[in-house]
Chemist: 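Starting off with a structure, shown below.
Just the heavy atoms: all of them, side chains too, but no hydrogens, waters or symmetry mates, feed the values below. Whatever order the structure lists ligands and atoms in, that order sets their numbers, starting from 1.
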Amino acid sequence: MTIDKFIEELKKINIVLTDDQLEKFKKYADFLLEYNKTTNLTAIRDIEGVYLKHFYDSLLVFDNDIVDYSKVNSLIDIGTGAGFPGVVIKLMQPHINVTLLDSNNKKTTFLKELVKVLELENVTIVNDRAENFVKENRQKFDISIARAVSELRVISELCLPLTKVDGYFIALKGNYVDEIKLASLAINKLNSEIVSIQERQLPVEKSYRSIIYIKNNRKIDDMYPRRYEQIVKKALK
Ligand code: SAM
């Protein structure tokens with residue numbers, strides 16, 4: 001979508017960007033597309049696609065009545081890739097201490113350059129697997145978030161143990177319907193509950209998006225997450 005359409009569509013969901021934010025989104029798109037010519041970070045290779053499928057899509061997290069981001073202090077984006085949605089959230093709410101975690105060194109190297117280009121402060125970039133990182137960072141973040149990382153029950157077991165009691169894990173998914181039954185059982189074992197599922201549609205191409213809000217209610221047993229192979233092979237019930 002064009003930048004004008006981006007601005008117009010965001011207004012419809014009550015998001016108004018400042019000139020400074022718009023300039024930063026432009027710098028982000030330009031830097032990503034240039035870097036992507038030599039290092040494969042995203043399958044989206046045109047600027048209109050970046051505005052629609054990365055920026056607008058990530059900004060949908062602000063169209064909610066569950067989390068007030070102005071009150072969030074710490075957030076971790078698990079499997080952030082080229083910074084979605086973590087960097088987009090940081091551009092909108094610079095006060096948040098954002099941790100960007102990805103196991104792929106190519107992605108975290110790009111992110112280190114990106115934070116310099118965008119002059120972002122209080123961003124921590126971690127090249128690690130979530131199941132390893134959680135060992136030293138149990139229930140430490142107000143919000144954990146993941147877009148397009150893996151099946152809901154798998155990503156719940158990786159992300160909820162990073163989330164504070166009374167904090168939220170937010171999963172951004174395309175279709176979730178086939179995954180919800182097994183995920184609900186796992187989420188229950190992790191002393192957490194799905195409190196809301198918000199269905200949204202991207203403008204222009206009209207594909208569906210679901211944003212799933214999972215609240216952690218109590219301390220999670222130290223045995224979770226299990227080893228990755230176990231998480232994948234054996235669903236928690
Ligand atoms: N969230 C980004 C987005 O929406 O554009 C990237 C999505 S990409 C499909 C999935 C990312 O998750 C990859 O960059 C991959 O390296 C990372 N990833 C997958 N499993 C992970 C794990 N267990 N720990 C850390 N990163 C992981």
Chemist: Within the 4.0 Å heavy-atom shell around A148, which atoms of ligand 1 are there?
Modeler: 7 (C), 8 (S), 9 (C), 10 (C)
Chemist: What do you reckon, are the aromatic ring centroids of Y51 and F25 less than 6.0 Å apart?
Modeler: no
Chemist: Any N or O of D102 that comes nearer than 3.5 Å to an N or O of ligand 1?
Modeler: yes
Chemist: Side chain or backbone, does A130 bring an N or O within less than 3.5 Å of an N or O on ligand 1?
Modeler: yes
Chemist: Is it true that E205 and K53 make a salt bridge, defined as a side-chain N closer than 4.0 Å to a carboxylate O?
Modeler: yes
Chemist: Looking at ligand 1, does L172 have a heavy atom less than 4.0 Å from it?
Modeler: no
Chemist: Would you indicate whether E229, at its atom CD, is surrounded by more than 12 heavy atoms from other residues, nucleotides or ligands within a distance under 6.0 Å?
Modeler: yes
Chemist: Is the contact between D77 and ligand 1 made by the side chain, the backbone, both, or neither, using heavy atoms and a 4.0 Å cut-off?
Modeler: neither
Chemist: Among all protein non-hydrogen atoms, which one is nearest to atom 18 (N) of ligand 1, and what is the separation to 0.1 Å?
Modeler: S103 OG, 3.9 Å
Chemist: Can you figure out which of I145, D128, I78 has its heavy atom closest to atom 25 (C) of ligand 1?
Modeler: D128
Chemist: Would you please name every residue forming a side chain to side chain contact (heavy atoms under 4.5 Å, CB included) with S103, sequence neighbours left out?
Modeler: R129
Chemist: Can you find an N or O of F84 that's nearer than 3.5 Å to an N or O of ligand 1?
Modeler: yes
Chemist: I need the atoms of ligand 1 closer than 4.0 Å to a non-hydrogen atom of E131, numbered in the order shown.
Modeler: 23 (N)
Chemist: I need the contact type for T80 against ligand 1. Using non-hydrogen atoms and a strict under-4.0 Å cut-off, is it side chain, backbone, both or neither?
Modeler: backbone
Chemist: Tell me: protein heavy atom nearest atom 6 (C) of ligand 1, and distance?
Modeler: G79 O, 3.3 Å
Chemist: Compute the shortest N/O to N/O distance between Y228 and ligand 1 and return yes if it is under 3.5 Å, no if not.
Modeler: no
Chemist: For atom 19 (C) of ligand 1, what's the nearest protein heavy atom and its distance?
Modeler: V149 CG1, 3.8 Å
Chemist: Counting non-hydrogen protein atoms only, what is the nearest one to atom 4 (O) of ligand 1? Give residue, atom name and distance.
Modeler: R147 NE, 2.5 Å
Chemist: Do R147 and D57 sit within salt-bridge range, that is, some charged N less than 4.0 Å from a carboxylate O?
Modeler: yes
Chemist: Any nitrogen or oxygen of A82, side chain or backbone, less than 3.5 Å from one on ligand 1?
Modeler: no
Chemist: Mind checking ring pair (Phe, Tyr, Trp, His ring centres under 6.0 Å) for Y56 and listing every partner two or more places apart, or none if nothing turns up?
Modeler: none
Chemist: Using a strict threshold of under 4.0 Å (side-chain N to carboxylate O), is an ion pair present between R209 and E199?
Modeler: no
Chemist: Using side chain to side chain donor-acceptor pair (under 3.5 Å) as the criterion, point out the one residue from K164, E193, Q139 that pairs with N216.
Modeler: Q139
Chemist: Under the side chain to side chain contact (heavy atoms under 4.5 Å, CB included) criterion, do I47 and D30 qualify, and how do the steps go?
Modeler: CA-CA 8 Å; I47 192 144; D30 289 345; 3.7 Å; yes
Chemist: So Y28 and F84, would you call those rings parallel, tilted or perpendicular, with 30° and 60° as cut-offs?
Modeler: parallel
